[in-house]
Amino acid sequence: MIIYEATKTEFILDITNELLIERLYQSYQEKIGRTSKREITSWENSLQRMSNVMQDKDIPEDASVAIEFKIPNTSKRVDFLVAGNSGDQDHVVIVELKQWSELEKVESKDAVVSTFLGGGLRSVTHPSYQAWSYAALIKDFNENVQEQYIELNPCAYLHNYRKTDNDPLTDIHYEEHLSKAPVFTQGEIQKLREFIKQYVRKGDQNQLIYQIEHGRIRPSKSLQDSLSSMLQGNEEFIMIDEQKIFYEDAYQLAIDGVKNPKKQVMVIEGGPGTGKSVMAVHLLVNLINQGLMTLYVSKNSAPREVYASRLKGTMRKTEIDNLFKGSGGFTNSDLNEFDVIVVDEAHRLNEKSGFYGNQGENQIKELIKASKFTMFFIDEKQKVTLKDIGSNDLIKKYANEFDAELISGKLTSQFRCDGSDAYIAWLEDILQIRETANTHDYGVGYDFRIFDDPHAMLHEIEKLNQSNNKSRMLAGYCWEWPTKERKNTNFKDISISEHNFEISWNLQDSIWAIDQDSVNEAGCIHTAQGLEFDYTGVIIGPDLFYKNGKVQTDYSKRAKSDQSLKGIIKMSKEDPDKANAIADEIIRNTYRTLMTRGQKGCFIFCTDPELNQYFRSRLNKTVVYNDFSPSYLDKVAEDKEKYE
């Protein structure tokens, strides 16, 4: 999605006639639905500078200009693009605009600088790295860029920054990144023009901006597919912005921590799809390469089993087992037995360990004790069982107990759900987890559909799965899961009689997510959490329903074989209000987690017809937000009367 597109001539005229800001604001409102004039006006200085740059007679009048291009599968936007032809090749120049006037070099970290932002000195990615990483992501995701051989040429323009002798911006420390994306500063307008003219000597005859904006997004790399290559030293995922900052912080802290007698604990918060697992595996790989004894730990076995399956043939089983551990294996660990422990899905940690939950004291405490540097990735809204005790407060408590230095950060960039932060907020609002400003906007590029027939939803998932085996059915845990081992899926655990629909729970717990024959099976929260797919079809069971104008929950509708709420009956006898509140949170978190596994789309079928209709009423407000036809207005009035 692009906020503004024009020819060079039209862009300069819009600036000259003082029309650009108003047009940007109107476009932003129409396409995204939320911004402020103040935010748009903050771009005015930078865009005026780019107008000055473009006023060169040798830059073709019919070169294309675009502002604010959203990078597919992320929530990030490219500031400025110029498209044209060099004479024998189509090119798009990507310009990252910065209003900084000063910065400091960060010697100990790759591609990181410090500058004043938001009232204080902050670590951020070097502008050259940022521009290059954005270009690399577009090339990775956009089929037209790949197949039409469109060359992307990134650079950065710091128009308020005046370079000095031995300037930190162009220090040799950043030589690798500067070579990939040059940086231009105040007084270097002619150099930036020459950079653009090197690639744009003729106009945009092939509608390059249109091709980029409408290019099909090819299947994204998923972590489980790329792990083997990463462990062999290849760069499979490009980290951007705060991801890169936190990674560099953690990497350097871990390296230094080996020599530091003081323990260190780092906590990174992030919602679904913000890249927590990508960072975790990057750290695992690169710290191992530095000779540090590093482990990847998770409570949920599903991602560990998938990673192990992907690594078969590339590593011995004992090596795999030594890298990927369950969270209950540290009850008897010695103090600082390991250099680094990277804990993914830390919200799922339990207090006790062992099959009967009678071993150890507290998994958080044991993990901090066992390593010199412990890193926790956490999202407290993904707690889905009564036993899940992972929290920022507990991590802080045990870090203090071991006199450990505590470092924290928060990931906000969205890489799943088509990079739509709006979808996450919309979903939390619609599930009534929290009220958000996004009551109508679920993200323009994300494919969210509601099915009245589960057969139709399964058929769509089967069709989408044919291309790359990355679409799966999921369900709330409202149907019994036989404990006996089944050899096939002839027995259908999930039965929805009113639709004559049956499907089995997934047969192979460990590799269901990647098994070629698993598309006709349904995964649950325990086999899906921590993994991602292109598309998911979620069956919302009777534990979530719509009544009296509210989304409500009923933990009694959960299957007895589900251990998520084990102990809730006893708790309800002692304190029914507490039991209901805890169960309610777990059920809503479960569906939030299931409905954020899809990178490209999520489909749902609700066993409660009223809940299905409620979702549809909320979706209608989004899909036809600007439709004022009489039939639509009548439908809105009807829905409002019924559901609000």
Side-chain angles (χ1 to χ4, degrees), residues 267 269 272 276 296-305 324-333 341 343-370 374 376-398 433 476-478 480-481 483 505 509-510 523-531 541 543 553-594:
V267 184
E269 292 184 77
K276 300 186 297 295
Y296 171 99
V297 170
S298 69
K299 166 65 173 65
N300 191 6
S301 64
R304 287 186 279 114
E305 295 292 345
F324 299 96
K325 299 283 190 182
S327 58
F330 299 87
T331 55
N332 297 313
S333 293
I341 294 179
V343 187
D344 205 1
E345 307 279 340
H347 40 271
R348 293 296 318 277
L349 295 174
N350 293 172
E351 183 176 25
K352 300 287 186 179
S353 301
F355 186 77
Y356 296 104
N358 59 353
Q359 296 179 14
E361 180 182 349
N362 184 287
Q363 289 184 353
I364 294 174
K365 179 178 180 178
E366 290 152 8
L367 287 161
I368 293 174
K369 174 188 175 184
T374 315
F376 295 94
F377 291 94
I378 191 167
D379 176 11
E380 292 189 30
K381 289 195 182 83
Q382 288 195 59
K383 291 182 179 181
V384 294
T385 81
L386 279 179
K387 292 183 178 180
D388 294 352
I389 54 94
S391 70
N392 285 298
D393 288 343
L394 272 180
I395 294 171
K396 182 178 181 180
K397 172 187 172 182
Y398 289 116
I433 292 173
Y477 208 152
C478 299
E480 299 298 333
W481 195 322
T483 55
W505 286 120
D509 294 357
S510 58
C524 72
I525 185 64
H526 306 304
T527 53
Q529 191 170 26
L531 298 175
D543 58 344
T553 62
D554 182 353
Y555 67 78
S556 71
K557 301 299 184 183
R558 281 292 186 100
K560 293 180 176 60
S561 53
D562 178 21
Q563 299 296 301
S564 302
L565 295 173
K566 186 177 180 181
I568 197 70
I569 301 298
K570 179 182 177 183
M571 184 187 296
S572 68
K573 292 176 181 177
E574 298 170 353
D575 190 339
D577 290 341
K578 178 182 177 182
N580 284 324
I582 291 175
D584 180 80
E585 182 181 13
I586 286 172
I587 291 169
R588 294 177 198 269
N589 285 353
T590 296
Y591 285 114
R592 174 185 182 268
T593 302
L594 292 177

Of the non-hydrogen atoms in [X] and [Y], which two are nearest, and what is the gap between them?
X: Ile568; Y: Leu386; answer: N-CD1, 3.7 Å
X: Lys325; Y: Phe330; answer: CB-CZ, 4.1 Å
X: Ala528; Y: Leu594; answer: CB-CD2, 4.4 Å
X: Glu351; Y: Ile389; answer: N-CG1, 3.5 Å
X: Ser333; Y: Ala370; answer: CB-CB, 3.8 Å
X: Thr331; Y: Gly360; answer: CG2-CA, 3.7 Å

Any chance you could measure [X], atom [atom1], to [Y], atom [atom2], to the nearest 0.5 Å?
X: Asp344; Y: Gln529; atom1: CG; atom2: CD; result: 10.0 Å
X: Lys397; Y: Ser391; atom1: NZ; atom2: OG; result: 9.5 Å
X: Leu367; Y: Leu349; atom1: CG; atom2: CG; result: 6.0 Å

Worked check of side chain to side chain donor-acceptor pair (under 3.5 Å) between Ser564 and His526:
CA-CA 9 Å; Ser564 302; His526 306 304; 3.1 Å; yes
Quick one: side chain to side chain contact (heavy atoms under 4.5 Å, CB included) partners of [X], sequence neighbours excluded?
X: Lys369; value: Leu335, Phe402
X: Asp584; value: Thr553, Arg588
X: Lys396; value: Asn400, Leu406
X: Asp554; value: Phe545, Ser556, Lys557

Measuring only between side-chain heavy atoms, which start at C-beta, is [X] closer than 4.5 Å to [Y]?
X: Phe376; Y: Ile368; result: yes
X: Ile378; Y: Ile395; result: yes
X: Asp379; Y: Arg592; result: yes

Write out all pairs satisfying salt bridge (Lys or Arg N to Asp or Glu O under 4.0 Å) with one or both partners inside residues 382-394, taking only residues at least two apart or from two chains.
Arg348-Asp388
Under the salt bridge (Lys or Arg N to Asp or Glu O under 4.0 Å) rule, what pairs show up with a residue in residues 358-367, not counting sequence neighbours?
Glu361-Lys365, Lys365-Glu401
Audit row: Asn589, Ile525, side chain to side chain contact (heavy atoms under 4.5 Å, CB included) steps and yes/no
CA-CA 10 Å; Asn589 285 353; Ile525 185 64; over 6 Å; no
Any chance you could lay out the side chain to side chain contact (heavy atoms under 4.5 Å, CB included) test for Ile433 and Glu585, step after step, and finish with the verdict?
CA-CA 8 Å; Ile433 292 173; Glu585 182 181 13; over 6 Å; no
Looking at [Y], is its backbone amide N or carbonyl O close enough to the side chain of [X] to form a donor-acceptor pair, meaning the two atoms are under 3.5 Å apart?
X: Thr527; Y: Gly523; value: no
X: Glu480; Y: Lys560; value: yes
X: Lys276; Y: Glu269; value: no
X: Ser561; Y: Trp481; value: yes
X: Gln359; Y: Gly329; value: no

With [X] via side chain to side chain donor-acceptor pair (under 3.5 Å) - residues at least two apart:
X: Glu380; result: Asn392
X: Gln563; result: none
X: Asn300; result: none

When the side chains of residues 573-583 are checked against the rest of the protein, which donor-acceptor pairs come out under 3.5 Å, sequence neighbours left out?
residue : atom : partner : partner atom : Å
Asp575  : OD1  : Lys578  : N            : 3.2
Asn580  : ND2  : Pro576  : O            : 3.1

Quick one: do the Tyr555 and Asp543 side chains pair a donor with an acceptor below 3.5 Å?
no
Short side-chain donor-acceptor distance under 3.5 Å, Glu345 and Ser298
no
Report the residues that fulfil ring pair (Phe, Tyr, Trp, His ring centres under 6.0 Å) with Tyr591, sequence neighbours left out, ordered by chain and then residue number.
none
So, using ring pair (Phe, Tyr, Trp, His ring centres under 6.0 Å) as the criterion, who are the partners of His347 when residues are at least two apart?
none
Can you check side chain to side chain contact (heavy atoms under 4.5 Å, CB included) on Tyr398 and Asn362, steps first, answer last?
CA-CA 10 Å; Tyr398 289 116; Asn362 184 287; 3.6 Å; yes
